[in-house]
Student: 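This is the structure I want to talk about, given as structure tokens.
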Amino acid sequence: MSRIDAWFAQTSRALARHTSRRSFLARLGALLAGVASLPLLPVARAGAARAPAPGEPDPETPAGDPDDCAYWRYCAIDGFLASCCGGTHRSCPPGTEMSPLTWIGTCQNPVDGKHYIVSYNDCCGKNACGRCFCQRNEGDKPIYVPPKSNDIDWCMGRVGVIYNSTVSVVIGLSTEKG
Amino acid sequence: MSRIDAWFAQTSRALARHTSRRSFLARLGALLAGVASLPLLPVARAGAARAPAPGEPDPETPAGDPDDCAYWRYCAIDGFLASCCGGTHRSCPPGTEMSPLTWIGTCQNPVDGKHYIVSYNDCCGKNACGRCFCQRNEGDKPIYVPPKSNDIDWCMGRVGVIYNSTVSVVIGLSTEKG
Amino acid sequence: MRARRRGAFAFRIAFSGLLSALLIAGLAHAELPVETTGQVESLPATLGPHWAWAADAVLRRTALVDLESGRTLGTLDGGFGITSGLFPTRRREIYLPETHYSRGSRGERTDVVTIYDAANLLPIAEVRIPPARAFNTLVAGNASLSDDDRFVAVFNYTPATSLSIVDVQNRTFVAELATPGCSLAYAAGPRRFASLCADGALLTLSLDAAGRESGRQRSEPFFDPAKDPITEKGVRLGDTWLFVSFEGLVHPVDVSGPAPRFGERWSLLDSADRREGWRIGGQQHLAIHEATGRLYSLVHQGGADTHKQAGTELWVYDVAQRRRVQRIELRGPGFTYLGVPIGFDWPWPFSRIPDWLIRFSPDLGVGLVAVTQDAQPLLVTGSNFSGALAIYDALSGDFLRRVAPGNMTTVGIQTPWAGVEAPR
Amino acid sequence: MRARRRGAFAFRIAFSGLLSALLIAGLAHAELPVETTGQVESLPATLGPHWAWAADAVLRRTALVDLESGRTLGTLDGGFGITSGLFPTRRREIYLPETHYSRGSRGERTDVVTIYDAANLLPIAEVRIPPARAFNTLVAGNASLSDDDRFVAVFNYTPATSLSIVDVQNRTFVAELATPGCSLAYAAGPRRFASLCADGALLTLSLDAAGRESGRQRSEPFFDPAKDPITEKGVRLGDTWLFVSFEGLVHPVDVSGPAPRFGERWSLLDSADRREGWRIGGQQHLAIHEATGRLYSLVHQGGADTHKQAGTELWVYDVAQRRRVQRIELRGPGFTYLGVPIGFDWPWPFSRIPDWLIRFSPDLGVGLVAVTQDAQPLLVTGSNFSGALAIYDALSGDFLRRVAPGNMTTVGIQTPWAGVEAPR
């Protein structure tokens, strides 16, 4: 390894340490668009802005934009954002079915500072969407702790195992951190 | 379009006109590796050289290398080279089946200068190989002239329609041009 | 199995318990309203004229994209081959010929025409057809819908040629009609289909009200497949199909009458164009805008046998006047890595890299073009080795934007919903 | 249908006629011998220790590649999920759990264990199992082969947990055994499987000669899943499984006796390493070379919850001495566009771009590692978003080459055929 290489490697290692803390492989289908996290491969963003939802951050800001991985509800999401695939942040794309089984995260709404229970339901029955892959891995546990593992394909049972995308539904206020 | 763009476009157009004469889309599966023709995407070449076959060009030269799209037998081929996929230039990869139906080309062997009839049989029953895509489109006709159309998936009947790769088998001397 | 069911049951109980607990908490304190799970979107009531279906060979699907917002609206998985739908005007449905194997790439083969609800992209019916569908690189021509929206003809190649007739209104398979020596299916009247024959003739098959063959005509050859064959990528203007030959000659075929009438040929290329080496070419090299009678043709500079080479320019013709009215310098659709667009927002000059590359490497060029049929038509162009699409104003020829539906490749573009104005 | 059959018959006649004509001509004048069609390759008699199977999530297959020549030797299509085979030592076979739907992504679900002939990669038998297979990102652990090569255990998650037991010798499904609260399957004796439980315990299931449950033991918890869970990516050294926790602690589990014995923990990271923020991580972050007792562990610098982040270095440990013996600076495996390698032969400094990128963007880093089990072992490393593999000398740590089996992604690497020396 040449001296320049060595120097470059060091610098970049340092950089990496302070930049990305997002973990890597999500569920299988999510692979397709994972490269979104490549610096040179920006996620295709929707052109149209939408009206701010009451009580939620300005959709022009990342924390308020359901097409952005930084959207506040996505704090423990893992997969393709349904809102980039024909659905919204809380409804599945046409022709898919929402899995009744799910894993749950607790995310803080920057507007009211409260922590909400967010249910991450998978949209199932069509092959992987391929757009807006997003994974934020906080509190993820191995597969043998199913309710807390984001490596599991939650499409199962009647809706079948084919994974398409994921929604984030507010199902209540967190009683713990609320 | 800026002046530089215009100049660049002109130059590159001119270049293109004098370089690539290979046509583009082959059969569907062939898509996967078609980018081989990208200047910045060289085809992955096998490391190991093989002994020259009697009467055939030196395998160290493109015209004699069955892993090279310029191999003399491939003058009318269209698809993934079976020799890059676990087969050879005249045998299919393990677990596939060779389609009995085929299209035929007439290629000149640089060694003896004779024209040989080459049968391009598809290897079927496993999904597209994805390596060493090669298409040389001479004499190709539309689909309504089946025996001369390389746009047709020749995997059919008992072997099924799933296309994997293609071989080039010498089945005789051309009586026309021979 | 008992174990599993018991477990699942237990899990659901526990889970719904948790849920209701949370819901109560939610109702008690939440600033944000508690939302319900299980919601699935449908498409807007008006099927947008500025929507396009883009087929992907790797993901084996077609994706519906809004050409204005760039949003992906939904997808249809199609099984083996190019996923290419048929779109009736009288019913809010989509007909999709599909082929599946019981074990993915092996096992028992099943061919079907699936009827999808165009409002929610759910399959609502399925008609089994003989496992004989033809597989090739055509986007259109392997299956066709009769002008009365009643029958679908699916082209079979085994290598014998035939058409499977499906009654999509009654959801039944009607018959398989042999078309010896002739291939493909083009709608040619209320209940008639046309096929192209290896000798340059046209075969027309008429159906009765039940979909049975009521007559067939095989014309004299109207072109010479040996000398200058027409491509299978014909486009339709009213009752006239326009086929273009390798050498750029337009062959009009009027199918309004009882027998097809073959109109006078005219050339897309003048002697100057030919001197400069211009040729037609591409996997989907023709598009037509009915209202204005404009024909869009992908062209490139190349030698013989380049009839499948992608285009560097898009030439626009007034069909009535049979003359070229515009030359559009094509932009590169851009690249996608595993479906993700590369450098859509790069600054100049990097933003022009795709444009230069399509000229350096024709294999990367623009091989597909389609046009929407509304009064403010958009051109949609694609390249086989990218999932990205380049959008132009079809009247001015101005490049507008790039969109990426999430595809890895583009092997077909369809703009079916033209009838209605887009909601603004 | 008649039409088609007649046509096919006619075609074959004509074709074979043409053939024989050519053959005669060939025999008469050809300098090159006339060759026969229909030949299909088999794998060499000796299954190479330097061969690796690389699984692709997009193409839904695993590809067999020769790590020395870079040649692709064959592929296995696996249906939905990561295609991951089981490789007996007593039979020249491969066992592949597969899940298929009758209409691609919908319809009726079928789960099977397919028995492939390892010599020609053809399916020779199939055993139906309950349609309940678990789908997750694990390469190993979802299915396992008993040490006597007799039974395969397939992990089910519906979300109830169970194991489907298949007798691969008699090609029969034996039973589904519930494993409440415990997941996955690790071979743990001639006819015993172990599962990891949510409370940190180990469940061992013993089978009788017929594959029926002959006993089960649930250990006390041997780690705390809440505080510092072990990853599911354990590796086996003889009769001892080595599981590594998020914090880098090795948990040895000896399965040689009637009850598992949990050995003393030791750490892959010393205080200095921790100060520098080094952590274990990756989809397949551990590999072990049995003969030398060397453990290979992918590590990176990152914070909490980065247990799935790809590695920038590969640290080598002597398991017996419980100490690190080497640090290997990782190269980037390189990129593939639609399966085609990008810039493998670029000159320096471009050749180093992949190496720099894996440090800029951890998501591109080396998430998978495997090692061959022969006397001249090779390390195989991969990255999820590329089909390319980087090969190293496992003893010296020297980077040797990059190979590209034609995959678009890499979601699993297997090096099963270790027993025999490669023919030189």
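Here is how names work: the chains are called A, B, and so on, in the same order as the sequence lines, proteins then strands, and each is numbered from 1.
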Student: Less than 3.5 Å apart, any donor N or O on the side chain of C/Thr409 or C/Asn384 sitting next to an acceptor on the other?
Tutor: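 There is no such pair (donor and acceptor under 3.5 Å, judged by atom type) between the side chains of C/Thr409 and C/Asn384.
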
Student: Given that the side chain runs from C-beta out, which part of D/Glu126 has a heavy atom under 4.5 Å from chain C: side chain, backbone, both or neither?
Tutor: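 The side chain, not the backbone.
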
Student: I'd like to know if the side chain of D/Arg133 pairs up with that of D/Thr99 as donor and acceptor (distance under 3.5 Å, no hydrogens or angles considered).
Tutor: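 Checked: D/Arg133/D/Thr99 side chains pair up, N/O donor to acceptor below 3.5 Å.
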
Student: Apply side chain to side chain donor-acceptor pair (under 3.5 Å) to the pair D/Glu176 and D/Ser162, showing each step before the final yes or no.
Tutor: CA-CA 7 Å; D/Glu176 181 182 8; D/Ser162 64; 2.6 Å; yes

Student: Which members of residues 111-120 of chain C, sorted by number, sit under 4.5 angstrom from chain D on a heavy-atom basis?
Tutor: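 C/Val112, C/Thr114, C/Tyr116, listed by number.
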
Student: Considering only heavy atoms and a distance below 4.5 Å, find which of D/Pro123, D/Ala175, D/Pro180 pairs most often with chain C.
Tutor: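 So the answer, after comparing D/Pro123, D/Ala175, D/Pro180, is D/Pro123.
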
Student: Can you confirm if the aromatic rings of C/Phe80 and C/Tyr101 lie within a centre distance of less than 6.0 Å?
Tutor: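 No, the ring centres sit 6.0 Å or more apart.
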
Student: If you measure from OG1 on C/Thr83 to CH2 on C/Trp53, what distance do you get to the nearest 0.5 Å?
Tutor: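 Separation between the atoms: 10.0 Å.
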
Student: Regarding C/Arg171 and C/Glu93, does a basic nitrogen lie under 4.0 Å from an acidic carboxylate oxygen?
Tutor: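 Looking at C/Arg171 and C/Glu93, the cut-off is met.
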
Student: Roughly how far, to the nearest 0.5 Å, is CG of C/Asn407 from OG1 of C/Thr62?
Tutor: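 Rounded to the nearest 0.5 Å, the OG1-CG separation comes to 7.0 Å.
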
Student: Let me know if D/Arg60 has heavy atoms under 4.5 Å from chain C in its side chain, its backbone, both or neither.
Tutor: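 The answer is neither part of D/Arg60.
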
Student: Do side-chain atoms of C/Asp77 reach the backbone of D/Ser105 as a donor and acceptor pair under 3.5 angstrom?
Tutor: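 Answer holds: no.
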
Student: Heavy-atom distances under 4.5 Å only: say whether D/Ser102 touches chain C with side chain, backbone, both or neither.
Tutor: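 Only the backbone of D/Ser102 comes within 4.5 Å of chain C.
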
